[in-house]
Number of protein chains: 2
Amino acid sequence: MSKQDKREEIVRAAMELIAEHGFHGAPMAMIAEHAKVGAGTIYRYFENKDILITELYRDLEEKMFPVIREGYELNKPIRERFIHLGTGLLRYFIENPLDFRYLEQFHNSPYGVEHRRDKILGEKEGCHEFRDLFEEGVSRQIIKDFPLVLLFALSFGPLVSTARDHILGFVTLDDDLITRIIEACWDGIKK
Amino acid sequence: MSKQDKREEIVRAAMELIAEHGFHGAPMAMIAEHAKVGAGTIYRYFENKDILITELYRDLEEKMFPVIREGYELNKPIRERFIHLGTGLLRYFIENPLDFRYLEQFHNSPYGVEHRRDKILGEKEGCHEFRDLFEEGVSRQIIKDFPLVLLFALSFGPLVSTARDHILGFVTLDDDLITRIIEACWDGIKK
DNA sequence: TAAAACGGAATGAACATTCACTCAGCATGA
DNA sequence: TCATGCTGAGTGAATGTTCATTCCGTTTTA
C-alpha cells in the first residue's frame, strides 16, 4: 500500500467509526484495526487524536463546498438561489450520511463550538454563498430583517433536523419531499 | 444534609457538569466532589452512570411539560396556540440554559437517539400538545401536509438552533426577537 | 447499639500515546 | 553484478493516565 493510500485508509476508517459511534466510541486502536494499519502508524500521519479529528473536518469542508456551489447562478432570483443551495445541501447530506453524521458529531463537541465561535467572530467563513444571499435578501426587503446568525439558524435548523430524521430512519425523504422542505424553510425566512 | 437533599445535590452537580462539559467531561469523581459527597455515595442513589444520566433526563422532562402547558388554551386558533407553545418553549430554554444544554447532550448521544426511536415508533410521547396541534392543523388544511416527524423537525429545528446561538452568546434574544422567531417558524409550517 | 448511610482509597478496565525494533528498498563500493 | 550498510516507514507491546465501580472501615440515624 502506498503512503497516500495508507493515509486515506486511516481517514476512511476514522470517518466511518466516528460518524457511527462518536469520538469516544472510536478508540485509536479500533481505527487502526479498521484501516488495517498498526496503532503507531496513525501517529506518523496525525500528531494526535485531536488533530486527526480537526483535519478530518477540514477535509470534509473542502469536499462539500464545491458540491454545494455546483450550478449556482448569481443572476437568478433570491428565492430560486436559496432553493438551489438548500436542496443541494440537503441532498448532499442524504447521499453522504457518513459525512453528515461526522459533521454533527463535530458540531456538538467542544471542537465544533470553538470552530463556530472563530467563524462568527472572525467572519472567516469558508462558504460565502449563504451569507451573501441573506445580506442581499435583507437589504432588498425580500428576507425578514433578522441578524445573520438567526437567518442561518432558521434555515439550517430545519434542514439539519430533517436530514437527521431521514438518516436515522424516522422518515424517508424523496425528491418531492426535499423540495417541499426547502420551500418551507424559505417560507420561514421570506418577508 | 438530609437524604433528599443529598440526592438533589448529586442531581444538581451532575446536571451542571454534564450540561457544561458533556458526559465524558463529567467523571463520577468530579460530580461527587461538586455535590460535596463521597464517590461511593452516588451509587447509593443511582445504580450506575447510565441510569443517572437517563433519570436526570426524566426529571427534566417532568419539570418542563407543566411549564410548556401553562396558559395553553385549546379553544384558541391554531396559529395562536402554536405561538404560545413555541414562545413558551424557547423562553424556557433561554431561562434555563443548563436544562437546554443537558437536553442537547442527551439528544446527541446514543441514549437520546434510542429514546427518540422508542417515542416515534411507540407513539408514547410525554407531551401531546404539539402532536395534537399538528394533526388538527393538517386535517383542517391550515398546516402544510407533511408527515408529523417533519413538522416537528421544521418547528423544533430552528427553535433549538436559535436557543443554542443565544446560549452560546452568538446572539442575544429579547422578547421581541423571540416572538418574531416563533412567527417565522409558523410561517415555515403554515399553508 | 444495631442498622443504614457515607466516604474515599483501591481496583481493574479502557484508552491515547510512545518507543524499541523490524524490514523493505535503495545507495554505495568493490 | 553483487554484497553490504543505511534509512525511515511501519509495528504493536508496553506505559501511564483516566475513569467507573467496588469495598470496607467509619459515622450517622433511629
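Every chain is numbered from 1, with letters handed out A, B, ... down the list of sequences.
Remark: C1' of dT28(D) and NZ of K6(B) are 9 Å apart, rounded to the nearest angstrom. Per the geometry, CD1 belonging to I42(B) stands 13 Å off P belonging to dT22(D), to the nearest Å. Look at CG on L17(B): it is 11 Å from P on dA20(D), rounded to the nearest Å. Distance CG (D5(B)) to P (dA5(C)): 15 Å, rounded to an integer number of Å. Computed from coordinates, the I31(B) CD1 to dT21(D) P distance equals 11 Å when rounded to whole Å. Whole-Å rounding puts the L52(B) CG to dA20(D) P distance at 10 Å.
Nearest approach of A153(B) to P158(B), heavy atoms of both residues: O-CD, 3.8 Å.
Proximity of the aromatic rings of Y92(B) and F100(B) is defined here by a centroid distance below 6.0 angstrom, and this criterion is not met.
Between the side chains of H84(B) and R81(B), no donor N or O sits under 3.5 Å from an acceptor N or O.
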Starting at the 5' end of nucleotides 14-20 of chain C, put B wherever the base has a protein heavy atom under 4.0 Å, S where only the sugar-phosphate does, and a dash everywhere else. -SSBB--
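With F146(A) as the aromatic partner, R180(B) meets the cation-pi criteria of under 6.0 angstrom to the ring centre and within 45 degrees of the ring axis.
Regarding contacts with the backbone of dA9(D), a side-chain N or O of R44(A) is found under 4.0 angstrom from either OP1 or OP2.
Aromatic ring orientation, F106(A) versus Y111(A): parallel (interplanar angle below 30°, classes split at 30° and 60°).
Qualifying side chain to side chain donor-acceptor pair (under 3.5 Å) partners for E183(B), counting only residues two or more places apart in sequence or in other chains: none.
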